[in-house]
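First the proteins, then the strands, lettered A, B, ... as listed; each starts at 1. What you see below is based on every heavy atom in this structure, not just the backbone, and it leaves out hydrogens, waters and symmetry mates. This is a predicted model, so every value here is computed, not measured.
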Amino acid sequence: MPAPIRLRELIRTIRTARTQAEEREMIQKECAAIRSSFREEDNTYRCRNVAKLLYMHMLGYPAHFGQLECLKLIASQKFTDKRIGYLGAMLLLDERQDVHLLMTNCIKNDLNHSTQYVQGLSLCTLGCMGSSEMCRDLAGEVEKLLKTSNSYLRKKAALCAVHVIRKVPELMEMFLPATKNLLSEKNHGVLHTSVVLLTEMCERSPDMLSHFRKLVPQLVRILKNLIMSGYSPEHDVSGISDPFLQVRILRLLRILGKGDDDSSEAMNDILAQVATNTETSKNVGNAILYETVLTIMDIKSESGLRVLAINILGRFLLNNDKNIRYVALTSLLKTVQTDHNAVQRHRSTIVDCLKDLDVSIKRRAMELSFALVNGNNIRGMMKELLYFLDSCDPDFKADCASGIFLAAEKYAPSKRWHIDTVMRVLTTAGSYVRDDSVPNLIQLITNSVEMHAYTVQRLYKALLDDISQQPLVQVASWCIGEYGDLLVSGQCEEEEPIQVSEDEVLDVLEGLLVSNLSTPVTRAYSLTAIMKLSTRFSSVNRIKKVVSIYGSSIDVELQQRAVEYNALFKKYDHMRPALLERMPIMEKTATNGPTDIAQTNGETDSTILDTKHLPSITHPASQANDLLDLLGGNDVVPVIQTTVPTKPASAGGELLDLLGDLSLTGIPPMTAYNKNGLKIEFTFERSNPSPNIAVITIHATNSTEADMTEFVFQAAVPKVCSFPSRLVNTFRLHNPQSISACLISIL
Amino acid sequence: MQFMLLFSRQGKLRLQKWYVPLSDKEKKKITRELVQTVLARKPKMCSFLEWRDLKIVYKRYASLYFCCAIEDQDNELITLEIIHRYVELLDKYFGSVCELDIIFNFEKAYFILDEFLLGGEAQETSKKNVLKAIEQADLLQEVRALATA
C-alpha cells in the first residue's frame, strides 16, 4: 500500500475543490484510505493520518473513528506522535466520551516523564479538558509538579490546578501547602499563573480568602516593582511592564480588599499610584486603568480615590476609542447606584453617547441614562430620550419606551407634561410599546381628571394622522369612548379647542372597525367606544345601526359584544345610561414590568414605606389565578405574575411590619399557590452580610405526571423596594422534582 | 476564557480552541451563530458584544477574525491584548504570518496557542519564553525516540 499522502498535500488538494460536493468526495476518499490504514495498525503513518483527520474535522466532517488512534499516539515514544496525539485528544475527545478516561494512565505517565516538554503536553491537556474523574485521579501528580523548581512546569501546573479545582472543588485544600511560596518566584509566568490560582481559590472559599489576605502586602510590593522598574524588554508592552500580571494582581487585590478595611487601606496607595501614573495613550494602559477602577469601586476605598476612579471613567467616555467608551459605560452602570452623584456629573457626556453609531454603546448609554433620571433633570433628559426613541433601532424601541414610561411616572413635573410625553411615545414608537402599557396609560388618563378634554383632543388628532400604531389607537378609542362628549363640546382649556362633530368622531371610530390595519383587539376597543358614545352623543340611531351590523361579524369577540350591546338597546335600554356612564378613577396598582430601573435615583427620598400601596396589590394576584383556571390542564403553566410582597400581605398583613422596620425574624414560610399540581412556597430570612436585605426564597414543586414547560418566573415590587437584578428565568419543572430555589433580595 | 475561534471573512473556521466541555453539535451551533453575528458587524463598531450570557471580544487582522468568549468578570481590554500577543507570536514564528500559514500549518498554530494559554488563561507573559519553548519542542520532533520516563 503506498504511503498515505502528506498533510500539506491533502490540504492543498482539498482547497482546489470548486464545489461542496467535490470537497465531500475528496474527503470521503481520504477518510476511507485513513480508515484502512488505521485497521492495519500502521505505526509509521498514524501521526500523519490523524493530523489529516484533524484538518478534515475542522472543516466540519466527522472524525470520531480517529479517537482511539489519538490514544495510541499519546502512548507512543515519539514526540511528534505525542504532540499530535494530545492535540487530537483535545479536539476530538471530550468528557462526554467514555474513551477519554483511557487517557488517564497515559497522562499520568507523561506527567512524570523525563522530558519537560512531554510533561508540558500532558499538563496542558489535563488542564484544558480533563474530566472530574481524571482530575481526581491525577490531582496528586499536579500538586507535586506545583512544588517543582522548574518554572516551565510550575506555571503549567498552577493553571492545571485551577482546572482541577473548577472540576472538583473539594480538592482545593490539597493545593494549599504548595501555594506557600508561589509569590516569591521571580519568573513572571509562574507569578501570573499563581495569581490566577490564588484568585480561583479565594473566589470559591471564604476561608481561603481570609487565609490569603495576609498576602496583600506582598502583592502590593510586586505591583509596585512592576510599575517602578525600568524598561524590561522581555515583558514590555508599549512601555508598560507585564500588563497581564498587573491586571491579574489588581483583580486579586479587589477580591481580597472587598469588605475588609485593613486590606483596603493597605492597597490605597498603590491603587492611587497606578491610577495616576499609567500611560493612557494605548489600549494596554487603559486595560490596567480599567481594572484599577473596578478594584477601587469594589473595595472600601476612601472617597478621594473613588472620585478619582469615576473621573477616570469620565475621561474614558471622551476617548476616541470606541472600546474604551463602551467599557466606561459598562463600569458606570455598575457604580451608578453607589456613587450616584459622582456619575451625575458626567451625565451630559453619557447622553451624548446616545448618538453614537455603535449599537452596544447606545444600549449602555440608554440604560445609564435611565438610571440617572431624577426629579431635577427629568425635563432635559426626557427631551434627549425622546429624540433617541425617534431615531434608534427597532430593537431598542420597546425597552426605551418602557423606560420612558417608568421615568415619566416617577418624576413627571406635571400631569400635562406626563400626558404629552406619553402621547409623544405613542406616536413615535407606538407599535413597539409593550402590551401592558395600554392599560397603564388608560389608568393614568382617568386619574388626570382635569386633563380629560385635552387628552382626548390630542388623541383624536393623532388618530386622524395615523391609525397603524395599535397601542395608540387602542388608548385613543378608549378615551374617545369615555370623553367623546368633551371632544365635541370643544371644552379644552389647555390648548385651542378643535371643532369636531359627532358624525366625524363616529366616522373615525367606524373607520377603525373596517380598517385592515386594526387588530381584533383594536376593533373590540372601538366597538365598545362607539357603544359608550350612545349615552354621550345624540346620534343614537347611527350607533344602533353600526352595532347591529357587527352582530353577525365573523370575529367571535366582536359578534358577542355587538349582540350584547344590541340587547342593551332593545331590552335593557333603561339600564344603558347607568352601564355606560363614566368610569370611576381606578386605584393605582404597583407597576409591573422592568423593575431594574425602579430605584431611587439619588434624590433625598424619605424611605418611609407608603403603606397605601400594598393593600391594592392583591389585584394582579387574582388575575394570575383566573388565568390559570382558564387554561386548566397540567401541561402548560403560563406566566405567573406575582408581586412578591403581596402574597405575604394576604397572609395576614405581616409584610407591612416586615418592610416597615425590616425585622425579619420569625416570618413563617408560606404557601403562595397550590393548585393543579403546582405548589409555590416562599420562605423568608434576613440576608447575613447585609441585614437590611430580605431574602425571599421560592420553592416551586411539580407533583403532576407531566413536565411543566415554560414556567417563567417574573417578579415586581412596589417602588419603595428594589431588587438588584432582573430575574426572569424560564424553567422546566420535571415531575416530581422541585425546582431549586431562586432568590430575591429586597432592599 | 471559554473558547477562541479564528475564522476567515467568508466564515471558514481556521482554528477552534474550547476550554469548556460541549458536545460537537453544540460547538458547531455556537460557531455558526457567532461567526454570523461577528461577520455582520460593521467595521466602525466596537470590539465587544454581548452574546447569550457571554462577552465576546473580537478583532480582525487582515483576512482573519480572532474571536474570544470571556466571562463576566474578565477584563475585555486585556483580552484584546491577549489576542494581539497571540498574533505577535504567530508572526514571529512564521515570519510575517498570513492566513495561508495558519491554514497549512494549523497544528503549529495550536502548539503555539497551547504554549501561550492553558485552560483559558495566559501561562507565560514573556514573548521570548513562549517562542523558545516552541523552538525546543520543534527540535525534539527530530529525535527518533524519547528517553523513557
Side-chain angles (χ1 to χ4, degrees), chain A residues 8 11 51 54-55 58 60 77-80 83-84 87 94-96 109-110 112-115 117-118 120 123-124 127-129 131 152 155-156 159-160 162-163 188-189 192-193 196 234-235 237 242-245 247 251 283-284 286-287 290-291 322-327 357-361, chain B residues 12-19 21-24 28 41-42 44-50 57 73 75-82 84-85 103-107 110-111 114-115 117-130 133 136-137 140-149:
Chain A
R8 324 260 176 248
I11 298 176
L54 294 179
Y55 177 73
M58 184 147 63
Q77 284 312 309
K78 287 182 68 187
F79 187 66
T80 321
R83 245 183 163 184
I84 296 288
L87 180 61
D94 60 60
E95 49 184 64
R96 286 139 200 273
N109 289 335
D110 282 344
N112 294 308
H113 204 275
S114 54
T115 312
Y117 296 105
V118 173
L123 276 169
C124 180
C128 177
M129 45 84 75
S131 64
Y152 177 78
K155 71 189 187 200
K156 289 182 192 273
L159 288 181
C160 199
V162 171
H163 180 82
H188 281 226
H192 186 271
T193 58
V196 174
E234 201 176 325
H235 297 111
V237 179
D242 207 339
F244 304 107
L245 182 57
V247 164
R251 186 161 147 186
N283 182 60
V284 215
N286 288 322
Y290 175 37
E291 197 73 35
K322 279 198 193 319
N323 297 333
I324 310 284
R325 290 209 296 275
Y326 175 86
V327 144
L357 293 166
D358 186 301
V359 166
S360 319
I361 291 183
Chain B
K12 290 207 149 237
L13 199 59
R14 298 301 178 206
L15 189 144
Q16 50 174 334
K17 189 74 189 179
W18 299 83
Y19 296 109
L22 290 166
S23 71
D24 236 10
K28 280 204 170 119
R41 304 270 290 180
K42 305 197 192 68
K44 291 285 187 172
M45 294 178 124
C46 78
S47 297
F48 315 129
L49 58 109
E50 289 108 43
V57 179
Q73 61 270 47
N75 182 325
E76 294 97 319
L77 297 178
I78 208 76
T79 309
L80 278 175
E81 292 300 319
I82 297 232
H84 190 72
R85 174 55 65 89
I103 294 171
F104 279 93
N105 301 287
F106 71 93
E107 85 277 14
Y110 274 108
F111 296 152
D114 286 339
E115 274 304 321
L117 302 178
L118 200 158
E121 304 281 351
Q123 56 177 290
E124 179 58 67
T125 55
S126 151
K127 230 186 318 191
K128 192 179 86 184
N129 286 349
V130 176
Q136 301 284 15
L140 214 48
Q141 291 204 179
E142 307 299 317
V143 173
R144 274 200 161 249
L146 299 159
T148 43

Between Val162(A) and chain B, with a heavy-atom cut-off of 4.5 Å, which part of the residue counts as in contact: side chain, backbone, both or neither? neither
Could you tell me whether the side chain of Lys28(B) and the main chain of Gly60(A) form a donor-acceptor pair under 3.5 Å? yes
Minimum side-chain heavy-atom gap Leu118(B)-His163(A) below 4.5 Å: no
What part of Met58(A) is in contact with chain B, defined as an atom under 4.5 angstrom from a non-hydrogen atom: side chain, backbone, both or neither? both
Side chain from CB out, backbone as N, CA, C, O: work out which of these in Phe106(B) comes under 4.5 Å of a heavy atom of chain A, or both, or neither. side chain
Kindly give the heavy-atom pair with the smallest separation between Ala122(B) and Thr193(A), and that separation in Å. O-CG2, 3.8 Å
If every non-hydrogen atom of Tyr117(A) is compared with every non-hydrogen atom of Ala137(B), which pair is closest and at what distance? CD2-CB, 4.3 Å
Atom group of Leu87(A) that falls short of 4.5 Å from chain B, counting heavy atoms: side chain
Atom group of Arg14(B) that falls short of 4.5 Å from chain A, counting heavy atoms: both
Student check: side-chain heavy atoms of Phe244(A) and Glu124(B) closer than 4.5 Å: no
Are the side chains of Ile84(A) and Phe111(B) in contact, using a 4.5 Å heavy-atom criterion? yes
Lys155(A) and Gln123(B): side chain to side chain donor-acceptor pair (under 3.5 Å), yes or no, with the steps? CA-CA 6 Å; Lys155(A) 71 189 187 200; Gln123(B) 56 177 290; 4.7 Å; no
Heavy-atom side-chain proximity of His235(A) to Lys128(B) below 4.5 angstrom: no
For atom NZ of Lys322(A), decide whether the heavy atoms of other residues, nucleotides or ligands shown that lie under 6.0 angstrom number more than 12. yes
Structural part of Asp242(A) lying under 4.5 Å from a heavy atom of chain B: side chain
Portion of Lys127(B) that has a non-hydrogen atom of chain A nearer than 4.5 angstrom: backbone
Hey, does Met45(B) have a side-chain heavy atom less than 4.5 Å from the side chain of Val359(A)? yes
Contact origin within Lys42(B) toward chain A - heavy atom pairs under 4.5 Å: neither
Please report the C-alpha distance between Glu291(A) and Ile78(B) in whole Å, then the side-chain angles of each, then the deciding distance to 0.1 Å, and finally whether the side chain to side chain contact (heavy atoms under 4.5 Å, CB included) criterion is met. CA-CA 9 Å; Glu291(A) 197 73 35; Ile78(B) 208 76; 5.8 Å; no
Do any N or O atoms from the side chain of Asp358(A) and from the backbone of Lys44(B) form a donor-acceptor pair under 3.5 angstrom? no
Any heavy-atom pair between the side chains of Cys46(B) and Arg325(A) that's under 4.5 Å? no
Residues Leu49(B) and Ser360(A): closest non-hydrogen pair is CA-OG, 4.5 Å
Where on Arg83(A) is there a heavy atom nearer than 4.5 Å to chain B: the side chain, the backbone, both, or neither? both
Nearest non-hydrogen partners of Leu77(B) and Ala287(A), listed with the distance: CB-CB, 3.5 Å
Thr79(B) portion near chain A, given a 4.5 angstrom heavy-atom threshold: neither
Chain B contact via Tyr55(A) - which portion, at a heavy-atom distance below 4.5 Å: both
Taking every heavy-atom pair that is under 4.5 Å apart, which of Val247(A), Asn283(A), Val284(A) has the most such pairs with chain B? Asn283(A)
Is Asn105(B) in contact with chain A via its backbone, its side chain, both, or neither, using a 4.5 Å heavy-atom distance? both
Ranking Leu117(B), Asn129(B), Ile82(B) by heavy-atom pairs under 4.5 Å to chain A gives rank one to Ile82(B)
Quick check for you: among Val327(A), Leu123(A), Leu159(A), which has the greatest number of heavy-atom pairs under 4.5 Å with chain B? Leu159(A)
